[in-house]
4 protein chains.
Amino acid sequence: MTGKEKTELRKTQILQAAAKVFAEKGFQEGTIPDVAKESGVSEASIYEYFSNKENLLFSIPMEAMQRLSEKIDFHLKLIRGSAEKLRAILYLQLLFYIENRDYAAVIMLILKQNRRFLDTEAHQAIRKHLKTVDKVIRDGMECGEFRNDMDPYLIRSTCLGSMEHVVTNWLMLGHPTDEELLKWVDPMLNALVRGVGAGNELNQCPLKHLIVPEDVEA
Amino acid sequence: MTGKEKTELRKTQILQAAAKVFAEKGFQEGTIPDVAKESGVSEASIYEYFSNKENLLFSIPMEAMQRLSEKIDFHLKLIRGSAEKLRAILYLQLLFYIENRDYAAVIMLILKQNRRFLDTEAHQAIRKHLKTVDKVIRDGMECGEFRNDMDPYLIRSTCLGSMEHVVTNWLMLGHPTDEELLKWVDPMLNALVRGVGAGNELNQCPLKHLIVPEDVEA
Amino acid sequence: MTGKEKTELRKTQILQAAAKVFAEKGFQEGTIPDVAKESGVSEASIYEYFSNKENLLFSIPMEAMQRLSEKIDFHLKLIRGSAEKLRAILYLQLLFYIENRDYAAVIMLILKQNRRFLDTEAHQAIRKHLKTVDKVIRDGMECGEFRNDMDPYLIRSTCLGSMEHVVTNWLMLGHPTDEELLKWVDPMLNALVRGVGAGNELNQCPLKHLIVPEDVEA
Amino acid sequence: MTGKEKTELRKTQILQAAAKVFAEKGFQEGTIPDVAKESGVSEASIYEYFSNKENLLFSIPMEAMQRLSEKIDFHLKLIRGSAEKLRAILYLQLLFYIENRDYAAVIMLILKQNRRFLDTEAHQAIRKHLKTVDKVIRDGMECGEFRNDMDPYLIRSTCLGSMEHVVTNWLMLGHPTDEELLKWVDPMLNALVRGVGAGNELNQCPLKHLIVPEDVEA
DNA sequence: AATGAATGAGGCTTCATTCAT
DNA sequence: TATGAATGAAGCCTCATTCAT
């Protein structure tokens with residue numbers, strides 16, 4: 001028991017260090033020696049836990065995405081209305097980025113442009129997340145909360161893209177500040193939902209009280 | 001003269017090759033030997049034109065951005081209405097990406113996450129472009145075409161972010177196709193402008209015929 | 001006792017695994033982790049039995065050579081005639097190689113070219129074996145069965161070299177097959193003994209019934 | 001011209017150094033830094049000429065085998081009689097080993113036990129050499145100079161094996177001396193040819209004056 | 001102006017080996 | 001006795017970059 005826990009701890013230690021190093025320097029410029037120094041572990045030990053440098057990189061988002069995913073699933077069950085759900089998802093995601101700056105940087109600035117990452121187990125977790133978003137959007141379109149004359153993929157892209165753009169700038173330029181960033185979620189989401197919404201004011205989904213939470217999980 | 005022209009040609013040759021190589025392999029995995037092979041120029045010669053590898057990378061978007069910028073400026077002069085202008089900018093930008101896939105990849109997938117690129121002359125061109133967008137947005141807010149209860153930076157982010165997200169996916173996943181991508185511009189812009197718009201239907205800027213083209217350049 | 005036996009068993013286990021690994025991959029390319037996996041023993045445990053990797057390698061032939069040596073000694077006592085004895089030695093040796101392919105590979109392909117192996121206890125066993133061969137040859141020369149105008153070392157070299165060459169090819173190329181290899185012993189030995197023989201046909205050693213078995217051991 | 005020559009010189013320089021290093025330390029224990037030091041060339045430069053360490057190793061015998069092969073071909077044309085030819089081949093080969101101790105060590109102690117070497121261009125040169133030997137042996141069997149009740153492969157193995165064994169001992173033990181080694185060629189060959197010979201004394205090939213040199217080349 | 005040739009620098013990775021349990 | 005875990009040491013190899021021609 002204690003052995004396995006220790007191992008798990010060590011792994012997390014290394015992953016955190018790696019996230020920090022790669023977030024600061026980028027993947028290629030961040031070296032294994034850097035990660036070793038940062039984590040207080042020998043270089044060789046890193047290879048006990050991760051088969052190679054790229055595998056280390058790809059392992060960074062796994063845990064974190066897991067946690068985020070669970071949190072989102074949990075909250076979605078408590079919320080009625082697709083617009084509200086969409087807002088919740090984006091809000092939680094943004095919050096997560098703010099609270100885990102290094103992970104955010106690794107995901108947004110490094111992994112997003114790595115083609116090999118697409119074939120990764122970690123990327124599957126991301127795809128699952130995207131599916132959740134899709135479900136919410138499609139539900140919203142069906143029940144009339146969202147415009148149904150738009151490709152749902154486009155709706156998703158607009159929402160996520162806006163957020164990612166802001167996050168990327170926040171990471172790269174340090175602007176806006178964390179507080180501003182959080183304050184912006186609402187107006188941004190409002191604008192998005194408005195652009196994406198059906199035009200009649202919110203809460204108009206006649207069936208929304210019937211949507212059982214399990215739907216979201218599908 | 002002929003000497004200078006030849007030099008300029010060679011430079012372009014190298015830049016194109018570099019764009020292709022970096023677009024395919026990424027910056028670190030694309031090597032100077034690769035660029036040399038692709039361009040048919042010796043490695044050593046590359047250093048005659050570019051002081052080092054990063055400088056080569058940073059030089060890639062210059063020309064192209066220049067051309068795009070000029071084209072946008074030209075078109076903006078012919079268009080009235082902030083919404084229309086915004087649409088034009090985004091459309092031209094998207095068109096540019098589609099027609100210059102390698103440049104798009106270098107800009108969107110590589111340069112965007114390079115902090116040192118921020119201090120670059122090439123990045124200034126980008127900032128100038130952003131200012132143009134800002135100007136259009138602010139004008140639109142002033143004359144009531146756009147909501148004025150939103151941070152203009154947020155409006156810009158929403159517009160650019162949506163587009164960049166779609167472009168990134170197009171580059172990384174090959175999805176959507178070029179044609180789809182182009183077809184999507186309009187609905188996407190509509191949604192954006194609607195979300196960002198003042199609510200009363202378009203074309204309502206009473207002063208838009210007064211906006212003199214030169215304003216935009218400022 | 002049981003403890004000691006267990007220890008001995010474990011050692012043999014490891015040695016066999018090591019022989020297999022080194023035979024397949026060579027000494028440097030075969031790793032301690034490989035041996036650990038193959039033997040079902042932990043890496044650390046290997047070091048309980050063998051002080052280091054080279055010592056493990058050098059220990060491989062000991063047991064086996066011991067067994068071979070005993071078998072040869074036993075048979076030699078039953079045979080009269082130097083030519084017959086020589087034939088027996090070579091035959092038994094060849095048989096041993098065929099029946100212990102991994103050991104053969106380790107000895108012929110790895111240890112033979114290791115200078116440090118020369119200083120080993122295991123190598124002493126080999127030298128003792130060579131002395132047995134020498135004794136037989138010298139006896140054969142004395143009693144007129146073998147040519148006495150040739151350096152005995154040369155005779156030995158010719159016999160052993162021929163055999164080793166064939167064995168090496170068998171190990172490296174898988175050619176000839178085990179059966180062919182065994183069938184070849186006789187003609188090869190005939191040729192050798194003929195080349196090495198005194199010319200008058202065999203069995204002509206007038207004193208051979210006087211050779212007492214103990215001589216051979218010396 | 002001068003450029004190519006210089007390149008070729010450099011390559012030879014490196015190969016000689018590599019032969020020396022590997023002969024002394026073995027392949028794995030001899031390092032690229034060692035070769036660099038020995039050859040007075042930088043490590044990186046070695047990789048300009050040889051794609052990797054193993055390729056460097058495999059390239060060592062090429063030149064040398066080439067030279068030996070040519071010399072043998074040349075001499076064979078001048079010699080009548082299969083036995084004499086066989087003797088010549090073995091003698092020249094032995095001489096070559098003595099005059100190129102490092103190459104001999106690399107070939108006999110390192111390459112001979114490397115399975116990947118078998119797929120090498122350099123190994124083809126060796127196979128060609130073996131074919132020459134085979135041809136001589138088969139010719140000798142046909143015209144009655146050699147026993148025809150033995151597998152020719154076995155005859156070849158006996159001859160080469162004897163020689164290689166002696167050479168290996170010479171390399172490993174420094175015994176016999178170069179002079180002794182040379183002096184032994186004749187008696188050894190006599191014994192071999194005698195063992196392998198048809199029994200009637202030499203020179204009995206009735207057609208041997210008809211054998212045209214070209215035969216050998218086939 | 002153009003390049004073939006050479007190399008310094010440094011990263012990733014692998015193991016043999018140790019040690020605490 | 002047995003081993004999981006940790007690491008020091010070191011080698012291969014790759015490139016960006018320089019320089020003589």
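Below, each value reflects all heavy atoms present in this structure, side chains not excepted, and no hydrogens, waters or symmetry copies. Just so you know, these numbers come straight off a predicted model, no measurement behind them. Letters A, B, ... are given to chains in the order of the sequence lines, protein chains preceding strands, and every chain is numbered from 1.
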task: Please work out whether the ring planes of C:Phe58 and C:Phe117 are parallel, tilted or perpendicular, with thresholds of 30° and 60°.
output: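 The arrangement is tilted - the two ring planes meet at 30° to 60°.
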- request: With a 4.0 Å heavy-atom cut-off, tell me which residues in residues 31-48 of chain D come close to DNA chain F, sorted by residue number.
  value: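 Those residues whose heavy atoms fall under 4.0 Å from DNA chain F, taken from residues 31-48 of chain D in numerical order, are D:Thr31, D:Ile32, D:Pro33, D:Glu43, D:Ala44, D:Tyr47.
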query: Under a cut-off of 3.5 Å for both distances of each Watson-Crick or G-U pair, what dot-bracket string does DNA chain F give, using [ ] for crossing pairs and | for inter-strand pairs?
result: .||||||||||||||||||||
Starting at atom [atom1] of [X], determine the distance to atom [atom2] of [N], rounded to an integer number of angstrom.
X: C:Leu9; N: F:dA2; atom1: CG; atom2: P; result: 11 Å
X: C:Gln28; N: F:dC12; atom1: CD; atom2: P; result: 11 Å
X: D:Leu56; N: F:dG11; atom1: CG; atom2: C1'; result: 14 Å

Is the backbone of [Y] close enough, under 3.5 Å, to the side chain of [X] for a donor and an acceptor to pair up by distance?
X: B:Asn114; Y: B:Leu111; result: no
X: D:Glu29; Y: D:Phe22; result: no
X: A:Ser42; Y: A:Ser45; result: yes

query: For B:Phe50, is the NZ or CZ atom of B:Lys11 found under 6.0 angstrom from the centre of its six-membered ring and inside 45 degrees of the ring axis?
result: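 Yes - B:Lys11 lies over the ring of B:Phe50, closer than 6.0 Å to its centre and within 45° of its axis.
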query: Base, sugar-phosphate, or nothing: which does D:Phe50 touch, judged by heavy atoms less than 4.0 Å apart?
result: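 No contact.
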message: Return whichever of A:Arg10 or B:Lys53 has its heavy-atom-nearest nucleotide of DNA chain F closer to the 5' end.
response: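 In this pair, the answer is A:Arg10.
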- prompt: On DNA chain F, nearest-nucleotide positions of B:Gly30 versus C:Tyr49: which is more 5'?
  reply: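 Result of the comparison: C:Tyr49.
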task: Apply side chain to side chain contact (heavy atoms under 4.5 Å, CB included) to the pair D:Lys20 and D:Glu24, showing each step before the final yes or no.
output: CA-CA 6 Å; D:Lys20 187 170 177 203; D:Glu24 272 169 15; 3.5 Å; yes
field: Steps toward side chain to side chain contact (heavy atoms under 4.5 Å, CB included) verdict (A:Met172, A:Leu109)
entry: CA-CA 9 Å; A:Met172 288 289 294; A:Leu109 304 181; 4.0 Å; yes
field: Chi angles and distances behind the side chain to side chain contact (heavy atoms under 4.5 Å, CB included) call for D:Met62, D:Leu15
entry: CA-CA 10 Å; D:Met62 294 256 286; D:Leu15 283 172; over 6 Å; no
task: Using a cut-off of 6.0 Å, state whether more than 12 heavy atoms not belonging to A:Lys53 lie near its atom NZ.
output: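 Yes, enclosed.
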task: Compare all side-chain heavy atoms of A:Gln13 with those of A:Arg10 and state whether any distance is below 4.5 angstrom.
output: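 A:Gln13 reaches A:Arg10 side chain to side chain.
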For chain C, the stretch of DNA chain E it reaches, first to last nucleotide, under 4.0 Å of its heavy atoms: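 Answer, 5' to 3': E:dC15 to E:dC19.
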query: Which value, rounded to the nearest 0.5 Å, describes the distance between A:Gln113 atom CD and B:Ile110 atom CD1?
result: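 CD1 of B:Ile110 is found 9.0 Å from CD of A:Gln113.
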